[in-house]
Amino acid sequence: MPYTVSTPVFEGPFDLLLHLITREQVDLWEVSLSAIVDAYVATLEELRAGLDLETATEFLLIAAVLLELKTRRLLPGRDDVELEEELALWEERDLLLARLLEAKTFKDASAVMVRLIDAAGRSFPRVAGLEERFAGLVPDLLEGVTPQRLRAAYLRATTPKPVPTVALDHVAPVRTSVAEAVAELAERLPRLGRASFRALVDGLDERLEVIVRFLAVLELVKQGRAEVEQAANFAELHVAWLTTPVTDDGPLEVEEYAG
Amino acid sequence: MAPEAARAVEAVLMVADGPVPPQLLAELLELPLAAVDELCEALRADYEATDRGFVLARVAGGYRFQSHPDLAAYVERFVLEGQSARMSAAALETLAIVAYKQPVSRAQVASIRGVNVDGVLKTLTSRGYVAEVGRDPGPGQAVLYGTTPLFLEKLGLDRVGDLPPLADFVPGPDVVEALEHGLRAGPPPGEGAPAPGETPTPPDDDEHGAGDG
Amino acid sequence: MAPEAARAVEAVLMVADGPVPPQLLAELLELPLAAVDELCEALRADYEATDRGFVLARVAGGYRFQSHPDLAAYVERFVLEGQSARMSAAALETLAIVAYKQPVSRAQVASIRGVNVDGVLKTLTSRGYVAEVGRDPGPGQAVLYGTTPLFLEKLGLDRVGDLPPLADFVPGPDVVEALEHGLRAGPPPGEGAPAPGETPTPPDDDEHGAGDG
């Protein structure tokens, strides 16, 4: 089986978009939506031939959102835009962002799994089994085994077995809006003062909820209402409520994420 | 002198051909489960302290002896069949989604990855890391996938719950900021024209990632 | 701390499934034969002094770990209570896969069962029900397994082709369950009735054991 590590081959639209956005990380504030959109569309053009319908659709959907965002950015003001249209676009964008973050989350989880696999692969199990002197004790395994029983065992082995469900999380998507999460945090954080992000998402087992909560924290940071500290990669993330907002732009509201 | 029970654990694990569940050890030794776990932990620590070439590990729901990881070079030369090939990034990401979201349907995995995952799931199934574990009770009765004990052995885990919590992988603020910023519609601070010639490095291969694995 | 060479001997003997000739150890460790024997003797004395539940024995021209003779009672219990019950569900499924899919590689069996089958296959081989029947012509040249004449004899079959045909469809778990029950309690409707007296009431056949081994 050809197991190639495909670094520059984009596995899908998220892969590509993540790559395009994060490669600019060195110069965060220079990231240009225009450049991203252009690069995205250019790559899409090149990939076109080799895509299956499902994947191509995903690519196109994202391209559409990106293009719309780009168009919007080119407009001088927003007054002439229908509010509803505007809100719908934000929603699209938030959803795209959430899906990107989810894809990235599993990408990073898989990197840790590789480390686990590599570590486990360095140990080899003992499989020696019984010493001959005990062999006589083993009851004849085929005692009472009929061809029918063997057939049943084969069917059992090849039939999906309901395994004990691992209750890590459940499937039903919970669509908490970022605005709601911001409101909740703005209510909780002043009381806590400072809290780990882990504590803030305690009890949330749906990734999307965690991601939405994260976006809300980010929103608060942007508004100068909270501060985020992280000692190192993978270190615990702490969120601190700022009693005196760094910037004072009036009542707490969620402009970017309205909807 | 080592207590009889600890010696008995050593003897039994020595003739076992797979991980021995602690419940079975408890039954054989007529000890409570907690005592068995304590015994095994003491043995594990003992081997570590005396710098043995093997370890007592808890894998896939049982205890077993295995070679010490830092002696892999010697054992690899001895073990006949080569280690399985490395998995592709697509296969690993798919495996991660199945591991954390199980039981999960193919469509759910595909929606997270944004690509068709039929081929990758088939590969993972044929390698025994993933199996059909049931059917969605809803309409359509989609096949649901989950990980197998072989997956646990492959990762050296006792149970799926021992995977690092997914929350640990939620991207850090820098990444979120970058993504968020990249998709911002309003004019960014210091908006400049994109640098000329900023065409992306095209992937050097066709998109066949969706189907391989 | 234990020297690297002694630890390497421990690691190799731990994963070996039979006695390892000292010549092979000498080769792996790049040491003279006499040094290997010295190392092994030192390890043996060490285990004896620290009262381990296992011994390093010299058997059939090689070294191997085995359970301490004075703990035989526990090992016997393990064989009779644990091992046999555990083995038979796991072993039966493995045997069934080999029987129906032969010639089949270890990896193929593992992928169907979703567990590591090295130990179980070894047991089946040592019982003479299964044997190596060839090598996969493809890369890797995996060993292929098949059933033996002893297996046919035990099942009262003339040849492998006389195994009951598998249904064209794969029945759901409920059907298999019913089938299992039927085989236990008596012939289910529509199933070929087993000969009287042949109706097994397998003491050891538990479908819960399917996942381990």
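Letters A, B, ... are given to chains in the order of the sequence lines, protein chains preceding strands, and every chain is numbered from 1.
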(Q) Quick check for you: among Met14(B), Arg135(B), Arg159(B), Arg64(B), which has the greatest number of heavy-atom pairs under 4.5 Å with chain A? (A)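 The answer is Met14(B).
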
Q) If you count heavy-atom pairs under 4.5 Å between each of Gly156(B), Ala72(B), Pro165(B), Ala57(B) and chain A, which one has the most? A)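 With the most close heavy-atom pairs to chain A, the winner is Ala72(B).
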
Q) Would Asp118(B) and Lys122(B) satisfy salt bridge (Lys or Arg N to Asp or Glu O under 4.0 Å), going step by step from the backbone distance to the final call? A) CA-CA 6 Å; Asp118(B) 295 8; Lys122(B) 207 170 150 223; over 6 Å; no

Q) Which bit of Tyr145(B) comes within less than 4.5 Å of chain A, counting heavy atoms only: side chain, backbone, both or neither? A)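 When you check distances to chain A, no heavy atom of Tyr145(B) falls under 4.5 Å.
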
**Q.** Test side chain to side chain contact (heavy atoms under 4.5 Å, CB included) applied to Leu152(B) and Asp162(B), Leu163(B), Val160(B), the passing residue
**A.**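 The residue from Asp162(B), Leu163(B), Val160(B) that satisfies side chain to side chain contact (heavy atoms under 4.5 Å, CB included) with Leu152(B) turns out to be Val160(B).
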
Q.
Check this for me, if you would: do Glu41(B) and Arg44(B) make a salt bridge, where the nitrogen-to-carboxylate-oxygen distance has to be below 4.0 angstrom?
A.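 Salt bridge between Glu41(B) and Arg44(B), a charged N being under 4.0 Å from a carboxylate O: yes.
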
Q: Taking only Lys NZ, Arg NE, NH1 and NH2, and the carboxylate oxygens of Asp or Glu, determine whether Arg115(A) and Asp118(A) approach each other closer than 4.0 Å.
A: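 Not counted as a salt bridge, because no side-chain N and carboxylate O are separated by less than 4.0 Å.
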
